[in-house]
Colleague: 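Here it is: the structure, laid out below.
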Amino acid sequence: MVNNLMVNYTDQGADDAPVIIFIHGFPLNKTMWDKQLECLKERYRVIAYDIRGHGESDAGTDDFSMKLFANDLIAFMDMLNVEKATICALSMGGYIALNAMEHYPDRFEALVLADTTCKADTSVAKKKRMATIKNILEKGMLIFAANSVKNMFTPQSFITKENEISAVKQMIINISEESLGCTLLALAARKETCSKLPEIQVPVLILVGEEDKITPPEAAIYMHLRIENSIIHNIGNAAHLSNIENSDDFNTQLKSFLASVYKDYFDNKARMETSVLREIRNKVSMLLSFKSI
Ligand code: MLT
């Protein structure tokens, strides 16, 4: 339970390993991170959760906002006894992570911002969100899901990634109309976080699909120029859901970034393992020499 709500989450990897928490985009759920969890769970404790009202998490009765979602993230970390983590977040996940970074910077070890932006909605974008709510009520979820995936993937993927696209459609269809409407209102009302970017102290990796039209590469460059300790990488053959569309490149970038963030941790671990091994070897040879006397 987090803030009196049931939160659905996956928690894999060793308890004492560095913690990576994944925040999904709108209107998806934690399963969009399956390939990243699979790839990282040997070395890290990887946790993906459903944002309230999404996937199988409760929606509650509070008005949705990025601030509420950010508070949920921190309460979720408290519930898990996780003091600090690397947050890996895509699109709306990124809006939540940047809101949390503004209010709770000490809870971050590092940050991965994928296909997201620090900017608020323009008035045109806000109107579009209201029109989307109207359309969903009039035409239903199936049409909304079919239209949404057109913007999320490259045209090529409609030939090569049918399974991934139908999985995403299913995630969209599964969300309730009410949560969808409330989240659209929260997205439209969100504040910019660009002015806070220069205050970010932790290492940041910015990833963006080369063909992302929702949060395009220019939005990623804009953030990169304002975050001193950031690196940026364009994911080829990918649009908005770059972690699904080109998971190989996404995972390669993620692994190498995390290896640099946690270099001291892994160096120390290797040193300790070597010294434990040396101690065992010494004890065994001592025992053997006693036996031979
Ligand atoms: C997302 O993927 O989370 C959404 O595209 C975000 C948005 O609509 O601003």
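Whatever order the structure lists them in is the order used to number ligands and atoms, beginning at 1.
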Colleague: Please, which pairs that meet ring-ring contact (aromatic ring centres under 6.0 Å, His included) have at least one residue in residues 133-182, sequence neighbours excluded?
Modeller: none
Colleague: Going by heavy atoms in the side chains, are Cys39 and Lys255 under 4.5 Å from each other?
Modeller: yes
Colleague: For Pro216, what residues pass the side chain to side chain contact (heavy atoms under 4.5 Å, CB included) criterion, not counting sequence neighbours?
Modeller: Glu218, Ala219
Colleague: Between Asp72 and Arg52, does any side-chain N to carboxylate O distance fall below 4.0 Å?
Modeller: yes
Colleague: Quick one: side chains of residues 83-102, donor-acceptor pairs under 3.5 Å with protein atoms, not counting sequence neighbours, listed by atom name and distance.
Modeller:
residue, atom, partner, partner atom, Å
Thr86, OG1, Tyr262, OH, 2.7
Ser91, OG, His240, NE2, 3.0
Asn99, OD1, His103, ND1, 3.1

Colleague: Taking the side chain as every heavy atom from C-beta outward, state whether Arg190 and Asp121 have any atom pair closer than 4.5 Å.
Modeller: yes
Colleague: Please list, by chain and number, the protein residues whose heavy atoms come under 4.0 Å of ligand 1.
Modeller: Gly25, Phe26, Ser91, Met92, Tyr95, Arg129, Ile214, His240
